[in-house]
Amino acid sequence: MAKNQIKLYNIGYRKEEQQQLPIVIPLVIYHGKTSWSIPTSLGANLNGYEELPKDVKVHVPDFDYIIYDLSGFSDEEIKGKVQTRILLTLLRDIFTKDIDELIHSILKCIHYLLELEDKQTGIEFLETMIRYVFSAAKYLTKDDMNKIRREIETTFPEGSEVTMTLADILREEGMKKGWEEGLEKGIEKGIELGQAKALSKTALQLLTAKFGVLPKELTEEISKLDVIKLELIISNIFNYNHLDDVKKIIS
């Protein structure tokens with residue numbers, strides 16, 4: 001499959017109706033600081049696999065997985081719904097672009113929000129997007145933040161209230177002080193305090209985009225989770241077929 005033809009399939013099934021296991025195609029979506037260099041064969045990553053006798057190898061799982069290194073995709077090759085394009089664009093650029101290029105990508109994502117008919121959905125996703133950016137891109141300065149805020153107020157005025165809310169959050173978490181004084185310690189403290197809240201917002205947004213409106217009790221449970229479980233939910237977003245899969249992680 002060409003790299004500009006990514007398609008994700010969600011195959012629903014009832015366990016009581018199945019006589020066989022469903023087909024699973026392993027897929028890795030990578031957005032690290034360097035290019036992916038790990039072999040795409042499971043066996044090649046297993047210590048001592050190649051030295052195993054043939055009659056032992058047949059009992060050890062070995063398969064090739066599909067790798068999508070997002071750093072190699074252009075804007076034109078990232079397709080899909082608005083939320084998907086924003087997600088993949090930010091994942092692609094958050095660690096690999098210099099500050100000017102990253103800000104350009106963020107502003108581009110703000111323009112993507114104009115395609116959404118439901119402005120409330122746009123506002124909610126904007127908040128998730130900005131929280132992620134300021135949590136992951138620790139090197140952004142106060143001037144960078146103000147530039148992004150001005151773009152939001154001009155291009156997507158419905159999200160102006162979000163920028164004010166974010167300013168309050170930054171003050172509460174000590175992040176604003178960190179930016180103003182250039183203290184790395186202040187930035188790290190602000191991120192630590194807001195990380196769980198930011199991750200829960202991201203998890204809820206991604207699950208809503210995948211399954212629609214979530215049950216109230218599930219939303220409340222996710223909002224109370226710790227960072228480890230929230231990261232686990234987010235990292236497995238492409239693997240869920242049912243909300244029950246998410247509940248297994250929570251329990």
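Just so you know, these numbers use all the heavy atoms, side chains as well, and skip hydrogens, waters and symmetry mates.
Under the side chain to side chain donor-acceptor pair (under 3.5 Å) criterion, T219 pairs with no residue, sequence neighbours left out. Shown here are the salt bridge (charged side-chain N to carboxylate O under 4.0 Å, His left out) partners of E220, two or more places apart in sequence or in another chain: there are none. By the side chain to side chain contact (heavy atoms under 4.5 Å, CB included) test, I234 is found to be paired with L199, T202, A203, L206, residues two or more places apart in sequence or in another chain being considered. Shown here are the side chain to side chain contact (heavy atoms under 4.5 Å, CB included) partners of V24, two or more places apart in sequence or in another chain: there are none. For the ring-ring contact (aromatic ring centres under 6.0 Å, His included) test, residues two or more places apart in sequence or in another chain that qualify with Y30 are W36. For K57, the salt bridge (charged side-chain N to carboxylate O under 4.0 Å, His left out) criterion is met by E50, not counting sequence neighbours. The side chain to side chain donor-acceptor pair (under 3.5 Å) search around T40 returns none, not counting sequence neighbours. The side chain to side chain contact (heavy atoms under 4.5 Å, CB included) check on P157 picks up S160, with sequence neighbours excluded. Applying the salt bridge (charged side-chain N to carboxylate O under 4.0 Å, His left out) rule to K229 yields no partners; only residues at least two apart in sequence or on another chain are considered. L232 meets the side chain to side chain contact (heavy atoms under 4.5 Å, CB included) test with S235, N236, I249; sequence neighbours excluded.
Looking only at side-chain heavy atoms (C-beta outward), Y132 and I94 come within less than 4.5 Å of each other.
Judged by distance alone, with hydrogens and angles left aside, the side-chain atoms of D245 form no donor-acceptor pair with the main-chain N or O of Y240 at under 3.5 Å. Side chain of N45 to backbone of P39: a donor-acceptor contact under 3.5 angstrom is found. E151 places no side-chain N or O within 3.5 Å of a backbone atom of I148 that could act as its donor or acceptor partner.
Annotation: the span from L27 atom CG to I67 atom CD1 amounts to 8.0 Å, rounded to 0.5 Å. Atom CD of residue E221 and atom CG of residue L225 lie 7.5 Å apart, to the nearest 0.5 angstrom.
For residues 82-126, every residue pair satisfying the ring-ring contact (aromatic ring centres under 6.0 Å, His included) rule, not counting sequence neighbours, is listed here: H31-F95. For residues 104-123, every residue pair satisfying the salt bridge (charged side-chain N to carboxylate O under 4.0 Å, His left out) rule, not counting sequence neighbours, is listed here: D75-K108, R85-E115.
Hydrophobic clustering keeps L87 apart from V28 (ILVMFWY residues linked when any side-chain heavy atoms are closer than 4.5 Å, directly or through intermediates).
For the pairing with Q83, the side chain to side chain contact (heavy atoms under 4.5 Å, CB included) check across T208, L116, T128 returns one residue only, L116.
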